[in-house]
Amino acid sequence: MALKNINPTTTKAWQELTTHYEEAKDFTINELFNVDSERKSKLSITDEDLHLDFSKNIISEETLKLLLNLANEVELKDAIQKYFSGAIINVTEERAVLHTALRSNSEEPILVDGKDIKPKIQTSLRKIRAFSNKVISGKWKGYTGKSITDIVNIGIGGSDLGPDMIVEGLQYYKNKLNTHFVSNVDGDHVSEVLKKINPETTLFVIVSKTFTTQETISNANTIKDWFLRSASIFDVAKHFVAVSTNLEAVHNFGIDKNNVFPMWNWVGGRFSLWSSVGLSISLAVGFNNFKDLLDGAEKIDKHFQNADFSENIPVILALISIWYNNFFNAETEAILPYTQYLSKLPAYLQQAIMESNGKSIDRNGDKVNYQTGTIVWGSTGTNMQHAFMQLVHQGTKLIPADFIGFHSALHGLEDHHKKLMANFNAQMEALAFGKTKEEVHLELKTAGLSEKINQLLPYKVFEGNKPSNAITFDKLTPGSLGKLIAIYEHKIFTQGILWNIFSYDQFGVELGKELAKKMLKEM
Ligand code: G6Q
C-alpha cells in the first residue's frame with residue numbers, strides 16, 4: 001500500500017521533457033495561438049460551473065503529452081487511489097491523509113486502524129449542526145442569560161488560516177454573529193479583539209489539535225483570565241468550546257466534555273477546515289452553507305479521482321506548474337483572485353502549498369537533485385494591478401499566475417463587475433501577448449510624441465509570453481469556494497507525488513519552536 005518511490009528525473013518522460021524544453025523555451029504564446037485557431041477551446045476544461053482556461057501557457061500539445069506521460073510514469077493514478085482509500089501516505093508521521101473523507105457523502109466505509117471512520121464523521125457533523133443552530137438561533141445563552149453575539153476563534157496555522165479565509169470569503173452569506181480570529185502570540189492581537197467584545201455575549205472556540213500549541217494556549221489563558229474578571233469558573237462551560245484531539249488537556253483547561261468537538265490524526269492541520277475546525281465557519285454562515293462548502297469540495301474529489309488526466313483540473317494545474325518550476329526554473333507563482341472576498345486566499349494557500357511541498361528529502365530518504373515546492377504569493381485584483389503587477393509584466397522573472405474570477409457579482413452593481421472582469425481578462429491578455437515595438441511606435445506617433453520615440457520605445461514594449469491560468473466560476477458561493485480549495489489541495493498532492501516527496505508532514509516548522517521554548521526559559 002506504500003506510495004511508489006520514483007525519482008521523476010529518471011523517467012523517460014522527464015528526459016523527453018528536458019529535450020523538448022530546448023525547443024519549447026523559444027515558444028511564444030502568440031505563435032501557439034497563431035498556429036491553432038482552436039487552441040483556446042482545446043486547452044480548456046469545463047466542469048459544471050467551473051471553467052479552466054490554460055491556453056495562455058508556454059505549452060504545445062507535445063508538451064502536454066509529455067507531462068501527462070510523466071504523471072503516468074510516476075503512477076499518479078495508483079497514488080490517488082491510495083490517498084482516498086486511507087493508505088498511510090503520511091509515512092513519516094505514520095498517518096493516513098483523509099480530509100477527503102470529511103466531505104464524502106458516500107456510505108462506502110473508509111478504514112483507519114481497521115475501523116470505519118465514516119460514522120464518526122457523521123456524528124461530528126450532526127454535533128456541529130446542532131450546536132451552530134442553537135447559537136445562531138439565540139437559544140444558547142451566556143452566563144447572564146443573553147444570547148451570543150460574537151464568536152472568537154482561537155487557533156493558529158491550520159487551526160486559524162482556513163476558517164479565517166472562508167469566513168471572510170463567505171461574508172456575503174454571514175448571519176448576524178460577529179466572528180473574530182486570534183492567532184498571533186503577540187499580545188496586541190488578542191488585546192485588540194478583547195476591546196471589541198462583551199464577555200456576557202461571546203463564545204470562544206479554542207481550536208488546537210494538540211492543545212499544546214504555545215500561541216493558542218497563551219491566548220486561551222489570557223482570554224479565560226479576562227473572562228473570569230467578570231464571570232465565575234462555573235460560567236466557562238457556557239462560553240468556551242474546544243476543537244481538539246487532546247481531551248485531557250481540554251478538560252484541564254476547564255472545558256465541559258460536551259463542548260469538545262473532535263479532530264483526528266488523519267486530518268492534517270492545513271487541510272482541516274472541513275472538520276470541526278470549521279466550527280467557526282458553520283457558526284458564521286450557518287450549517288447549510290458549511291455543508292455546501294463540503295459538497296463543493298466533494299465534487300472536485302470525484303472529478304480528481306475519475307476524470308482522465310488530460311481533462312483533470314488539479315492534475316493539469318500541477319503539471320503546468322512543474323513545467324515552469326522544473327524546466328523554466330520559475331521560482332514563484334502568483335495567485336490572483338478577482339474578488340475582494342478572497343483577500344485571504346493567498347495567505348491560506350501559502351501554508352497549504354509551501355508547508356506541504358517545501359521539502360528537500362525524497363521518499364527514499366535522499367536529498368533531491370531537482371526543485372520542489374514553489375513559492376506562492378498574491379493579492380486581489382484589481383488592487384494588485386496598481387502595485388506589484390509591474391514586475392510580473394516587465395520584470396526579469398517568469399511568474400506564472402492563476403487568475404480566479406466569477407462571472408456574476410454577489411451584490412449586483414453590474415457596472416463594477418463589468419469593469420472588474422474586463423480587468424481580469426485584460427491582465428491575462430497583456431501578460432500573454434504584450435505589446436510589440438511596432439505597436440508602441442505607432443502609439444507614440446499618434447500621440448504626437450514622434451521626437452521621443454527612440455528614447456521611450458524600449459520602456460513601453462511588453463514582451464508578453466507571461467503564462468497564466470484562468471479559473472472561473474459562475475458565482476462565489478460556498479459550493480464554488482469548496483471546489484476552489486479542493487482543486488489546490490489535489491494540485492498539492494499531485495505535485496508531491498511527482499516530486500517524490502512527503503507532502504503531509506511539517507518537520508521544518510519544529511526547530512524554531514523548540515529554540516523559542518529554550519530561549520523563553522533562559523529569559
Ligand atoms: C498544519 C500545521 C500547523 C498547525 C498549527 C496548529 O498543517 O500542522 O499549522 O495547524 O501549528 O496546531 P494545533 O492545532 O495543534 O494547535
Side-chain angles (χ1 to χ4, degrees), residues 83 89-100 102 124 152-166 181-186 189-190 204-224 240-253 255 260-281 344 346-359 373 376 485-486 488-493 495-496 501-517:
Y83 173 31
I89 63 165
N90 177 359
V91 171
T92 48
E93 295 183 323
E94 296 182 57
R95 290 173 185 172
V97 175
L98 282 170
H99 47 276
T100 51
L102 298 167
S124 133
V152 179
N153 188 96
I154 309 160
I156 195 164
S159 298
D160 166 73
L161 286 161
D164 191 9
M165 179 271 295
I166 301 278
F181 289 85
V182 176
S183 51
N184 203 323
V185 77
D186 173 8
H189 193 188
V190 62
F204 300 97
V205 184
I206 309 174
V207 188
S208 180
K209 189 164 154 183
T210 54
F211 223 80
T212 55
T213 306
Q214 186 191 51
E215 291 88 340
T216 304
I217 301 309
S218 304
N219 282 322
N221 281 324
T222 298
I223 288 178
K224 192 167 85 173
F240 287 81
V241 302
V243 180
S244 188
T245 52
N246 188 348
L247 297 181
E248 197 188 329
V250 172
H251 176 77
N252 292 341
F253 184 86
I255 289 180
V260 188
F261 293 78
M263 258 182 106
W264 300 288
N265 281 337
W266 37 266
V267 180
R270 55 192 173 276
F271 302 101
S272 64
L273 69 90
W274 323 98
S275 71
S276 320
V277 171
L279 182 62
S280 300
I281 304 171
K344 292 184 174 170
Y348 166 81
L349 288 177
Q350 278 176 331
Q351 179 191 28
I353 295 172
M354 292 161 75
E355 200 168 35
S356 300
N357 286 336
K359 311 283 166 67
V376 293
I485 306 305
Y488 280 103
E489 286 181 345
H490 300 323
K491 177 183 172 187
I492 292 167
F493 169 83
Q495 294 196 306
I501 53 176
F502 290 122
S503 301
Y504 297 97
D505 58 21
Q506 55 283 313
F507 298 119
V509 299
E510 294 304 326
L511 180 60
K513 283 200 221 170
E514 280 165 30
L515 290 178
K517 272 192 193 147

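Hydrogens, waters and symmetry mates play no part in the numbers below; they use all other heavy atoms, side chains included. The first residue in the sequence is number 1, and the count goes up from there. Just so you know, ligand 1 is whichever comes first in the structure, and atom 1 is the first atom listed for that ligand.
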Using a 3.5 Å cut-off on N or O atoms only, is G158 in polar contact with ligand 1?
yes
If every non-hydrogen atom of Q350 is compared with every non-hydrogen atom of V376, which pair is closest and at what distance?
NE2-O, 2.8 Å
Which class fits the ring pair H490 and Y83: parallel under 30°, tilted 30 to 60°, perpendicular over 60°?
perpendicular
Numbered atoms of ligand 1 (with element) below 4.0 Å of T210, judged on heavy atoms:
13 (P), 15 (O), 16 (O)
Can you classify the ring geometry of F211 versus F253 as parallel (below 30°), tilted (30 to 60°) or perpendicular (above 60°)?
perpendicular
To which protein heavy atom is atom 9 (O) of ligand 1 closest, and what is the distance rounded to 0.1 Å?
Q351 NE2, 2.7 Å
Taking distance alone, with no angle check, do T216 and ligand 1 share an N/O pair under 3.5 Å?
no
How far apart are the C-alpha atoms of Y348 and Y488, what are their side-chain angles, what is the distance that settles it, and do they pass the ring pair (Phe, Tyr, Trp, His ring centres under 6.0 Å) test?
CA-CA 11 Å; Y348 166 81; Y488 280 103; 9.1 Å; no
Residue, atom and distance of the protein heavy atom nearest atom 8 (O) of ligand 1 read Q506 CD, 3.6 Å
CD of E94: more than 12 outside heavy atoms within 6.0 angstrom?
no
Find out whether I206 and V243 are in side-chain contact, i.e. whether some heavy atom of one side chain is under 4.5 Å from a heavy atom of the other.
no
Heavy-atom contacts with S208 under 4.0 Å: which atoms of ligand 1 show up? List them by number with element.
13 (P), 14 (O), 15 (O), 16 (O)
Among all protein heavy atoms, pick out the one at the shortest distance from atom 2 (C) of ligand 1; state its residue, atom name and that distance to 0.1 Å.
E355 OE1, 3.6 Å
Please check if the side chain of K209 supplies one atom and the backbone of T245 the other of a donor-acceptor pair under 3.5 Å.
no
Please could you name the atoms of ligand 1 that G269 approaches to less than 4.0 Å, counting only its heavy atoms?
1 (C), 7 (O), 10 (O)
Find out whether W274 and V267 are in side-chain contact, i.e. whether some heavy atom of one side chain is under 4.5 Å from a heavy atom of the other.
no
Polar atom proximity, K513 to ligand 1 (N or O, under 3.5 Å):
no
Enumerate the atoms of ligand 1 whose separation from the nearest heavy atom of G157 is less than 4.0 angstrom.
9 (O)
List the closest protein heavy-atom neighbour of atom 12 (O) of ligand 1: residue, atom name, distance to the nearest 0.1 Å.
T213 OG1, 3.5 Å
Identify, for atom 6 (C) of ligand 1, the protein heavy atom at the shortest distance, and state residue, atom and that distance.
I156 O, 3.2 Å
